[in-house]
Amino acid sequence: VSFLRRSKFEEGGMMEVSASNNVSLREFGCEQNLLSRPDGSASFVQGDTSVMAGVYGPAEVKVSKEIYDRATLEVLLQPKVGPAGVREQSQEQCVRETCEAALLLSLHPRSSLTLILQVLHDDGSLLSCCLNAACMALMDAGLSMSCLFCGVTCAIGADGDIIADPTAAQEKESRALMTFAIDSTERRVMMSSTKGSFSVQELQECVAVSQKASEKVFQFYRDSVRRRYSKNL
Amino acid sequence: MAAGFKTAEPLEYHRSFLKENCRPDGRELSEFRSTTLNIGSISTADGSALVKLGNTTIICGIKAELTNPTVDAPGKGYIVPNVDLPPLCSSRFRPGPPGEQAQAASQFIADIIESSEVIKKEDLCIGRGKLCWVLYCDIMCLDYDGNILDACVVALLAALKTTQLPEVTINKETSAPEVNFEKKHKLNIHRHPVSVSFCIFDDSILIVDPTAEEESLSTARLTVVMDEEDQLCSLHKPGGTPLSGEKLQECIKRATARKGEIHKLIEKVIKSMKTAQ
């Protein structure tokens, strides 16, 4: 857990808000291609938060969902217990539209892609863990993408400290909670979902922290894929 | 000819306007459609408002009921928002259980109520652990022409501002609630969130207050919710093409200007209702 020094905000220069270098995230873990049936699968662990993802496709699409010039992507988010509710639906929407922007769906017209996310354990930063698992599973399925993406959650504590990748306890104590999806090419914000109220400056600091943290996540992606293929080849 | 072009190549049609920094309906890129507000439209509701944003029409009614507080929050009442997109408002909606968009909108409104603390839930409590108010905020779209979120938030805020609740006391002997309809009081509105929605066209052009057609052709959507003290209550971007920091700054700037306009509009309408009575 890192407590970041507040830096002075300069007009118009969101990128210049510099978070101190030691953005610390919890221990990450990832395993790809662990299921035999899906075309791509991955499990992603952030501390005690754990999500498993499976991708099916490109496959045949239902006529009612067919899009003539690109693939139809469907995202299903299964909670640990009980049926999916309205909150899961809105998270599904966030993950789906992020994946749609990253995937080159026009390569597979009139076909369907299904991404299933199964929550194994939720200890905070669930949406960002879902995004990371989704990206790893899409990568494993070998689908063409214009860029990779990762999810980062930031919590603003009662005293204004920004905590990246918070646990459930830290989320509960926080005044505001933000989750961003960051793209790998220019570190821009693909998705944003927030809870609680915060100032413009706090938002900019959180975006800066997330961009910083995204570098670590992308480095983890790279290491994890490298490790996998060094074993196989 | 122009009509045929619009039907055959809708994206090219819009691009040709955007290239000249304007839009097919004559607006500039950062211009809202004209917003009109009517309050107290439903006489049987405890509070209501009708908002028109260009063609988009949203009506919001608030019904207050007495209930028991939940066990885990004995000192709080609760608010239940619901957004309905009936088949009446657009051909894209079918009858039956609420679709994904309606559910996402309901969740968005619930999140804003939660994040902004428009109403302190403690204010809705009458007797701790015994009695509280539940506010059902039913928001219905009558005409769908894009940007329902902004219209919903204005309708909700105006309806809450006009809501009057009767005084309720708990009889000490029988512990039964006694409602005094003679004495009504207004809800205490703590903060005034205003939502501003944008669409991104061709990964780079930012337009405000999109119509239904612009929404379906855009590559990403973004909604900023800000209150009167420049605090953000929500920055909702459900995916789509990435957005740079500078563009985000632009959106926040536009939202700052817009929230003033909406607050003035609501004040003006409430004032004119008072003088009319």
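Chain letters run A, B, ... following the sequence lines, proteins first, then strands; residues in each count from 1. The figures here come from the full heavy-atom set of this structure, side chains too, leaving out hydrogens, waters and symmetry mates. Fair warning: this is a prediction, and the values are worked out from it, not measured in the lab.
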Part of Glu100(A) within contact of chain B (heavy atom distance under 4.5 Å):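 No part of it gets close to chain B.
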Atom group of Ser199(A) that falls short of 4.5 Å from chain B, counting heavy atoms: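 For Ser199(A), the contact with chain B is made by backbone and side chain together.
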Evaluation steps, salt bridge (Lys or Arg N to Asp or Glu O under 4.0 Å), between Arg87(A) and Asp111(B): CA-CA 10 Å; Arg87(A) 180 160 295 280; Asp111(B) 283 345; 3.3 Å; yes
Test applied, side-chain contact (heavy atoms from CB on, under 4.5 Å); reference residue, His192(B); option that passes from Leu160(B), Asp227(B), Leu157(B), Ile266(B):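 That would be Leu157(B).
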Engaged part of Glu114(B) at the chain A interface, taking heavy atoms whose separation is under 4.5 Å: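 Glu114(B) has no heavy atom closer than 4.5 Å to chain A.
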Qualifying salt bridge (Lys or Arg N to Asp or Glu O under 4.0 Å) pairs, either residue in residues 228-241 of chain B, two or more places apart: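 As it turns out, the salt bridge (Lys or Arg N to Asp or Glu O under 4.0 Å) pairs with a partner in residues 228-241 of chain B, which skip direct neighbours, are Asp230(B)-Lys259(B).
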Leu232(B) and Thr194(A), any side-chain heavy atoms less than 4.5 Å apart: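 Side-chain contact under 4.5 Å: no.
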Among the listed options Glu250(B), Met226(B), Arg191(B), Glu117(B), the residue most often paired with chain A at heavy-atom distances under 4.5 Å: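 Most heavy-atom pairs under 4.5 Å with chain A: Arg191(B).
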From CA spacing to verdict: ring-ring contact (aromatic ring centres under 6.0 Å, His included), Phe44(A), Phe220(A): CA-CA 11 Å; Phe44(A) 206 92; Phe220(A) 174 78; 5.7 Å; yes
Heavy-atom contacts under 4.5 Å, residues 103-111 of chain A to chain B: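 Within residues 103-111 of chain A, no residue comes under 4.5 Å from chain B.
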Test side-chain hydrogen bond (donor to acceptor under 3.5 Å, both in side chains) applied to Ser234(B) - qualifying residues, sequence neighbours left out: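 With neighbours one apart ignored, the set is empty.
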Test side-chain hydrogen bond (donor to acceptor under 3.5 Å, both in side chains) applied to Asp202(B) - qualifying residues, sequence neighbours left out: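 Partners of Asp202(B) under the side-chain hydrogen bond (donor to acceptor under 3.5 Å, both in side chains) test: Arg15(B).
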Shortest non-hydrogen separation from Gly75(B) to Cys125(B) and the atoms involved: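 Taking Gly75(B) first and Cys125(B) second, the nearest heavy atoms are O-CB, 3.3 Å.
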